[in-house]
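Single-structure report; data block below.
These numbers come from the heavy atoms of this one structure, side chains and all, not from hydrogens, waters or symmetry mates. Chain identifiers are assigned alphabetically (A, B, ...) following the order of the sequence lines, protein sequences preceding nucleic acid strands; residue numbering begins at 1 within each chain.
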Amino acid sequence: MKPVKQRPGQPLRTGTHTSGRQLIIVAVALVTALSLAACGSSGDGEAGTADSPVTLNFVGPEDPATLEPVIKLFEKENPSIQVEYQPVPFNDLNSILETRLASEDSTLDVYTADQPRIPALAAKGFLLDLTEELPEVEDKVLEGSLDASMYQDKLWALPIWSSTQLLYYNKELLSAGKVTPPAIAPADRLTWEQLVTDATAAQDAGAQYGFTFDQVSRYYQLQPLPESMGGGSGLGGDDFLEPDLTNEQWVKAFTWYGELFESGLSPRGVTPEQTPELFTTGKVAYFLGGPWWLGEFQGTEGLDFGVAPHPYFEGGTPATPTDAWSWGINPASEHPEEALAFLKFVSLSEPGATASVESAPFPPANVEAFDSYLTRLESSGEGSLNGISDLVREELTKAAVHRPRSVGYIQFETIMNKAFEDIRNGAEAGAALDQASTDFTEQASRLQ
Amino acid sequence: MAAHGAVGALSPRSDASLREGPSRRLRPNRRMQRNTVAAVGMLAPTMAMLLLLRILPGLNAVWDSMHKSSLLAGTTRFVGLGNFDFLLHSEGFYRTLGVTLLFALLINPIQILLALGLAVLLNERLPGQGIWRTVVFLPIAVPAAASAVIWGVAMRPDGPINAMLGFIGLPPQPFLTSPAQALPSIIVVLTWIGVGYWMIFLIAGLNDIPQDYYEAARLDGASKWQRFWHVTLPGLRRPLAFVLVADTVANFTVFAPVQILTNGGPQGSTNLLIYDTFQRAFVVGDANVAAAEVLVLLLVMLGIVILQFRLLGREG
């Protein structure tokens, strides 16, 4: 279709007698109306009532079903406050939060903060200072979780959950490979060397893969490898802004990591979202993942599995991942008091903390709820998980290694996750870690 | 001569307006004023949007690129071209720039040649022509993220493509997990998505070429290839120029497939400038260097697009 040409000097065909001035007035009125509408919907910060409750907007990576019990219980006890949970994909959480917090988006009230990221979030002014609540918080949450929510002696978020990792194994696949299942007692912890031998036997007997990490190529999951050898967290210096990635233990640990994939014992090209399925479908003999998978694994028909402690390197010390989510308040929130009431309910009250782990068995950071959580965990296996409460307690209190508390943690984690993925895909460990060291030094200079 | 002619051309109109008197002279002025106001009124929303969504963010990027925020000191200060200097001394930035230019150099000719070939083929009177066109166009109707997820599963080391290769006796390929194959794999995915879209513009262009030209060429004894070279290609210059420029810009801003399939890896082999900018701005939160990087990307894009226009113009 050819465009209709406008001849020079020919009057414009408007179709109506609306003058230009009227058009401008209509346009201005529309823009004004839209602006007013936007202002009206942003809320006025007033306290809510049962008839007209305040709505808290809460962003996190969890499945809504996980948080439904605790939100329902909180709303029941606080009828003047409603919580609107907005789930976002785990991989997009940080970029979404960064965008909304940097633009001082007042429609975001509460959000989940990965504990090692708290120093950077606090330094950027993205968290409300909750230090006044410290006396009330101190005795009610696990010490490690509280420490992980502090930065420069101030409290920036309330700890909700803690975390650890368990070695799950498929009994049938081990039996086919004539492998004795590992014991659940921490004293009988497998070495990584033994695990590789046993996983290879299971693979030779028919398992598609011998072993997989749950959060493959993520620093959270892999930090314990060099830590177990005494290689440290990878960051040093006063503010943890100096990379220490190329020491002997780090190179050795990640050369071992690369060989897992080079040999085909662990799969390449499978994302952390896809690894649990390998275990539920009986394709992998050993799976190293969090206790939050227990429910799904127990509900999988035909899956006969057991749990054991996180392995360590022979001659080294046990080291397991830890830290999890704290929940913080956006300083731009128009409802900080209601947001704090919600956080205190989930973090400091036993009923709230217990409800927060009702649908997914995360270890709660609340001391009282943690004890009852361990009891429930033990009984959930109907005898098959005897000893799991001692195991989880031991891992969290004796073997857990915290991630470095640094304002450069976000940069560090981003660089490390890429380096681990490169090693997984065949890059030489020493070269990849050297590159990561250079990249982090460059990024850290931007923080000054 | 020209100046004299121009004065001569104006003089009759001047005489006429003098004869018409003041009342007849005002009427066109008032109409023109009214038209101007109407034009401004109708343009205002678009201009306001352009200002708000394009020009102000652009100026904001320039402002950001000349400042530096320190997380440790909690200050923001003017650094002039300091962020550009940081990029120019960054080994990682050169790797990213190199990957982006290699990507552009490969994907644009591949997509345009394929789109042109398909357009010419599917413009012929073939049985089921409409169905073929729909099949080629269909991938663009699928969201890029969904396509990327599907291709991601297909190209997994234990995925269906390797199963098919095994079936015909070929060894499995690493595709997205290999630094040598990841970029070509992304190009395959993007070409599968985009080629049908660009083909449609070229089919429209082919239909605008008068059939008389082909008749005349045929009467002159021109072969099929000669008709393509001397009739089709010159006739397609305008749609080809559009496709070339739009495709180049689109490929410089490819994001979702990279994020979903490779996250810029392995070993930075698919870390395109726009993805790197996103990482700096929204993952590590360094908005200042990200702004500088996006301005560099803009300059690279502008340079290439101007070059493309020049080359096409010269041929014309």
Inset, instruction - Would you indicate whether Asn207(B), at its atom CG, is surrounded by more than 12 heavy atoms from other residues, nucleotides or ligands within a distance under 6.0 Å? - result: yes

Inset, instruction - Under the side-chain contact (heavy atoms from CB on, under 4.5 Å) rule, what do Asn288(B) and Arg446(A) come out as? Steps first, then yes or no, please. - result: CA-CA 10 Å; Asn288(B) 303 120; Arg446(A) 297 290 305 167; 3.9 Å; yes

Legend entry - Which portion of Glu413(A) sits near chain B, non-hydrogen atoms under 4.5 angstrom: neither

Legend entry - Closest heavy-atom pair and its distance - Val284(B), Ile410(A): CA-CG2, 4.0 Å

Legend entry - Residue Phe78(B) excluded, over 12 heavy atoms near CZ under 6.0 Å: yes

Legend entry - Interface moiety of Leu241(A) toward chain B, non-hydrogen atoms closer than 4.5 Å: side chain

Legend entry - Portion of Glu421(A) that has a non-hydrogen atom of chain B nearer than 4.5 angstrom: neither

Inset, instruction - Would you give the length of the straight line joining atom CZ of Arg280(B) to atom CD of Gln411(A), rounded to the nearest 0.5 angstrom? - result: 11.0 Å

Legend entry - Distance in Å, Arg268(A) CZ paired with Thr177(B) OG1, rounded so as to fall on 0.5 Å steps: 6.0 Å

Legend entry - Within 6.0 angstrom of Glu104(A) CD, more than 12 heavy atoms from elsewhere: no

Legend entry - Pick from Pro266(B), Ala281(B), Ser269(B) with the largest number of heavy-atom pairs that fall under 4.5 Å of chain A: Pro266(B)

Legend entry - Phe278(B) portion near chain A, given a 4.5 angstrom heavy-atom threshold: side chain

Legend entry - Structural part of Tyr409(A) lying under 4.5 Å from a heavy atom of chain B: neither

Legend entry - Minimum heavy-atom distance Gly269(A)-Pro157(B), with the two atoms named: CA-CD, 3.7 Å

Inset, instruction - Using a cut-off of 6.0 Å, state whether more than 12 heavy atoms not belonging to Glu277(A) lie near its atom CD. - result: no

Legend entry - Ser69(B) versus chain A, the contacting section by heavy-atom distance below 4.5 Å: backbone

Inset, instruction - Determine yes or no for a side-chain-to-main-chain donor-acceptor pair under 3.5 angstrom, with Asp422(A) supplying the side chain and Gln267(B) the backbone. - result: yes

Inset, instruction - Decide yes or no on side-chain contact (heavy atoms from CB on, under 4.5 Å) for Gln259(B) and Asn91(A), but give the supporting numbers first. - result: CA-CA 10 Å; Gln259(B) 194 193 25; Asn91(A) 287 335; 5.8 Å; no

Legend entry - Interchain contact, Asn94(A) with chain B, by part (heavy-atom threshold 4.5 Å): backbone

Inset, instruction - For residues Glu91(B) and Gln435(A), report the shortest heavy-atom separation together with the two atoms involved. - result: OE2-OE1, 3.7 Å

Legend entry - Region of Lys418(A) in contact with chain B, defined by heavy-atom distances below 4.5 Å: side chain

Legend entry - Under 4.5 Å from any heavy atom of chain B - which part of Thr271(A): neither

Inset, instruction - Start with the C-alpha distance between Glu442(A) and His89(B), add both sets of side-chain angles, then the distance that settles side-chain contact (heavy atoms from CB on, under 4.5 Å), and finish with yes or no. - result: CA-CA 10 Å; Glu442(A) 189 180 290; His89(B) 287 90; over 6 Å; no

Legend entry - Proximity breakdown for Ala48(B) and chain A, heavy-atom pairs closer than 4.5 Å: neither

Inset, instruction - Give, as side chain, backbone, both or neither, the part of Val289(B) having an atom under 4.5 angstrom from any heavy atom of chain A. - result: both

Inset, instruction - Starting from the C-alpha separation in whole Å, work towards a yes-or-no answer on side-chain contact (heavy atoms from CB on, under 4.5 Å) for Val283(B) and Glu98(A). - result: CA-CA 7 Å; Val283(B) 177; Glu98(A) 180 80 29; over 6 Å; no

Inset, instruction - Please flag which part of Asp286(B) lies under 4.5 Å from any non-hydrogen atom of chain A: side chain, backbone, both or neither. - result: side chain

Legend entry - From Asp158(B) atom CG to Leu278(A) atom CG, the distance as rounded to the nearest 0.5 Å: 7.5 Å

